[in-house]
Amino acid sequence: MSFSIIILAAGKGTRMNSKIPKVFHKVGNLPMIFHVLNASKLLKPKTISVVISNELIKYKNVIKKNSKNIKFAIQSKQLGTADAVRCALNEKHSTNSNISLILYGDTPLISHISLKKCLERFKKRNSDLCVLSMTPPNTNHSYGRLITKKDRLEKIIEKSESKNNQNLENLCNTGIMLVKTKHLIEKLRKINDRNNKKEFFLTDLIEILSTEGYKVSHMEFPYHEFLGVNDKSDQALVEYQFQKMLRKKFLKKGVTMIDPSSIFFSSDTEIGKDVVIHPNVYFGPNVKIGNEVEIKGFCHIENTVIKDRAAVGPFARLRDETNIDKDAKIGNFVEIKKSNIKNNVKISHLSYIGDAYIGENSNIGAGMITCNYDGIKKNQTFIGKNCFIGSNTSLIAPIKISNNSIIGASTVVDKNIPQGTTVYRKSELVKKNNKK
Ligand code: UD1
Ligand code: MG
């Protein structure tokens, strides 16, 4: 039996209180919709259709960059989740499989393993509709509640429709369901918007199919995998959960973390073998760490590659396509931007290195600065191999310091330095006796 995926992403996201569309808010530095798309792709469905609003049309190419073969459906008015599915079904590509898996773009932690388990059971039992359910640890939430009779699911009551005196079980709707596509095509039109929110609720499909005698069931999964994001506190909770998952993954891979709870990763962080990470380190997007690297405390690293046996920090900031090669040492209070630092280079204290290349075995003294910005544009600094740059020097870019050169302490260098040259500025030390 073939299956396709429909992802609902057109909601207004009013509760996020933001100009950014809800599904583009990030978890682990990746928009929520991409988390859902990544899990979807691993299931290898026949088609993935994403239902988007008019506001999201301008994000189409960004979505396509992540997932090439994606199809879109437009929901111009946000009339509810059932209406969003109806919009998807208006496009032929959403009706070409026997089974539809409906995912919500605001539920980013879903694992393809759980979805696969449910899909297999759905096929085996020849089910008509199966809702993925969960039991939150408390009742202070806005999820829809499941009404069951033995293993039969009878209906879902939305929070907005439940009366205070209703004593409902805390078994909740994750928002994800598997349903035979023919039921969507035939029964969705039976859903109306006669409810407190005046919306077409997809969850009403459960009662419709159940009363008509179809096989409607639910399958329970761990709550933390299916947290939904409707507001900023939900997003913070999902981020917290996601960080816990990443820390667990890296600890399992053999990464040493002295205080895991103080280390933040991005969804694409890559870390090699025998890496040690000290407390309070932040990994932004696009960071790759090799083997036997040591990252000391309070470093902020993004868009950077750090190769084997390099040591970084404490208090280092690395960013914007920086490459730190093998055995290099980047010490405290060093900022490096868009630079290529070759093997065994030492930049041990208090430096700003921007738009630079530093050749192997060079030593950069404390307080060396690349003056890369002339007020209009950024300029390049080249330092060759085996150079020794004294403390507190300023290199006025564009500039080239060739191999085996020495720059004396406190020198402002504004001319290219040929290979094997020593330069320093001569300024006399004036010495006077103090008059009594
Ligand atoms: C929904 C479920 C609720 C479930 C919860 C799980 C319904 C009626 N309720 O509630 O039972 O417990 O998710 O997180 O389905 N969307 C559209 N177009 C619309 C409205 C929504 O595409 O017109 C999309 C949103 O972008 C979002 C998803 O559908 O990705 C869910 O919508 P949302 O408004 O967040 O529903 P919840 O109130 O969370
Ligand atoms: Mg939601």
Side-chain angles (χ1 to χ4, degrees), residues 5-16 18 20-25 27 31-37 40 49-57 59 63 72-90 94 102-110 129 131-136 139 141-147 153 155-162 168-177 179 188 191-208 218 220-221 223-235 237-238:
I5 294 179
I6 299 173
I7 302 173
L8 307 190
K12 284 192 229 123
T14 323
R15 292 168 275 181
M16 294 299 275
S18 159
I20 304 164
K22 175 159 81 173
V23 296
F24 272 88
H25 285 264
V27 169
M32 292 196 281
I33 183 78
F34 292 162
H35 284 268
V36 179
L37 282 167
S40 300
S49 335
V50 185
V51 182
I52 56 170
S53 59
N54 289 327
E55 289 76 55
L56 268 168
I57 291 176
Y59 290 85
I63 297 176
F72 292 97
I74 312 286
Q75 186 194 27
S76 308
K77 269 193 176 166
Q78 278 58 65
L79 302 176
T81 44
D83 180 71
V85 175
R86 209 177 285 150
C87 293
L89 297 177
N90 287 340
S94 304
I102 298 173
L103 302 176
Y104 288 179
D106 67 354
T107 309
L109 301 183
I110 49 170
L129 188 152
V131 166
L132 276 70
S133 58
M134 61 182 174
T135 304
T139 53
H141 55 71
S142 57
Y143 297 115
R145 307 281 187 107
L146 271 61
I147 309 294
L153 174 57
K155 66 186 213 171
I156 292 182
I157 301 185
E158 287 304 310
K159 166 100 178 188
S160 58
E161 311 308 308
S162 69
L168 299 174
E169 266 193 66
N170 201 25
L171 183 64
C172 289
N173 176 22
T174 62
I176 295 170
M177 72 165 75
V179 54
L188 221 53
I191 296 176
N192 60 53
D193 63 353
R194 288 195 292 276
N195 52 53
N196 294 332
K197 282 180 107 180
K198 307 250 172 317
E199 278 187 14
F200 295 90
F201 291 154
L202 181 62
T203 41
D204 286 353
L205 186 63
I206 283 99
E207 194 175 5
I208 294 170
H218 73 101
E220 192 170 349
F221 286 93
Y223 161 72
H224 57 80
E225 248 185 62
F226 293 94
L227 289 168
V229 174
N230 292 321
D231 58 27
K232 282 286 164 185
S233 6
D234 293 338
Q235 189 187 357
L237 180 63
V238 166

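Hydrogens, waters and symmetry mates are skipped; everything else that's a heavy atom, side chains included, is used. Counting convention: from 1, in listed order, for ligands and their atoms alike.
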Considering non-hydrogen atoms of the protein only, which is the closest contact for [atom], and what is the distance?
{"atom": "atom 26 (O) of ligand 1", "value": "Gly11 N, 2.8 Å"}
{"atom": "atom 6 (C) of ligand 1", "value": "Thr174 O, 3.4 Å"}
{"atom": "atom 34 (O) of ligand 1", "value": "Arg15 NH2, 3.6 Å"}
{"atom": "atom 23 (O) of ligand 1", "value": "Gly80 N, 2.8 Å"}
{"atom": "atom 7 (C) of ligand 1", "value": "Thr81 OG1, 3.6 Å"}
{"atom": "atom 24 (C) of ligand 1", "value": "Leu8 CB, 3.7 Å"}
{"atom": "atom 4 (C) of ligand 1", "value": "Asn173 O, 3.3 Å"}
{"atom": "atom 31 (C) of ligand 1", "value": "Tyr104 CD1, 3.5 Å"}

[X] to ligand 1: N or O pair under 3.5 Å?
{"X": "Gly228", "value": "no"}
{"X": "Ser142", "value": "no"}
{"X": "Ala10", "value": "yes"}

(message) Just to check, does Val51 reach to within less than 4.0 Å of ligand 1 when the distance is taken from its heavy atoms?
(response)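 Judged by the 4.0 Å heavy-atom criterion, Val51 does not count as contacting ligand 1.
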
(request) Could you tell me whether ligand 1 has any atom less than 4.0 Å away from a heavy atom of Cys172? (result) no

Mark up the atoms of ligand 1 that fall under 4.0 Å of a heavy atom belonging to [X], in ascending order.
{"X": "Gln75", "result": "17 (C), 18 (N), 19 (C), 22 (O), 23 (O)"}
{"X": "Asn230", "result": "35 (O), 39 (O)"}
{"X": "Lys22", "result": "35 (O)"}
{"X": "Ala84", "result": "17 (C), 18 (N), 22 (O)"}

State, yes or no, whether a side-chain contact exists between [X] and [Y] at a heavy-atom distance under 4.5 Å.
{"X": "Leu202", "Y": "Leu188", "result": "yes"}
{"X": "Ser142", "Y": "Arg15", "result": "yes"}
{"X": "His25", "Y": "Val229", "result": "no"}
{"X": "Tyr143", "Y": "Phe226", "result": "no"}
{"X": "Leu132", "Y": "Ile110", "result": "no"}
{"X": "His218", "Y": "Leu171", "result": "yes"}
{"X": "Met16", "Y": "Gln235", "result": "yes"}
{"X": "Ile176", "Y": "Tyr104", "result": "no"}

(message) Looking only at N, O or S atoms, which one in Asp106 sits nearest to the Mg ion (ligand 2)?
(response)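 Nearest N/O/S atom: OD2.
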
(message) If I take atom CG from residue Leu109 and atom CE from residue Met32, how far apart are they, to the nearest 0.5 angstrom?
(response) 10.0 Å

(request) Measure from the Mg ion (ligand 2) to each N, O or S atom of Tyr104 and report whether any distance is below 2.8 Å. (result)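 Short answer: no, not a single N, O or S atom is under the cut-off.
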
(request) Measure Glu199 to ligand 1 on non-hydrogen atoms and call it side chain, backbone, both or neither using the 4.0 Å cut-off. (result) neither

(message) My understanding is that we take every heavy atom of each candidate and find the minimum distance to atom 27 (C) of ligand 1. Doing that for Val131, Asp106, Ile176, which one comes out nearest?
(response)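 Considering heavy atoms of Val131, Asp106, Ile176, the nearest to atom 27 (C) of ligand 1 sits in Asp106.
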
(message) Has Asp204 got a side-chain atom pairing as donor or acceptor with Ile208's backbone, closer than 3.5 angstrom?
(response)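 No.
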
(request) Keeping the roles fixed (side chain from Glu161, backbone from Asn196), state whether a donor-acceptor pair exists under 3.5 Å. (result) yes

(request) Please indicate whether Glu169 has more than 12 foreign heavy atoms, meaning atoms of other residues, nucleotides or ligands, lying under 6.0 Å from its CD. (result)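 No - once you tally the heavy atoms of other residues, nucleotides and ligands closer than 6.0 Å, there are 12 at most.
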
(request) Determine the sole option in Asn230, Asp231, Thr14 for which the side-chain hydrogen bond (donor to acceptor under 3.5 Å, both in side chains) test with Lys22 is passed. (result)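 It is Asn230, the one option of Asn230, Asp231, Thr14 that forms the side-chain hydrogen bond (donor to acceptor under 3.5 Å, both in side chains) with Lys22.
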
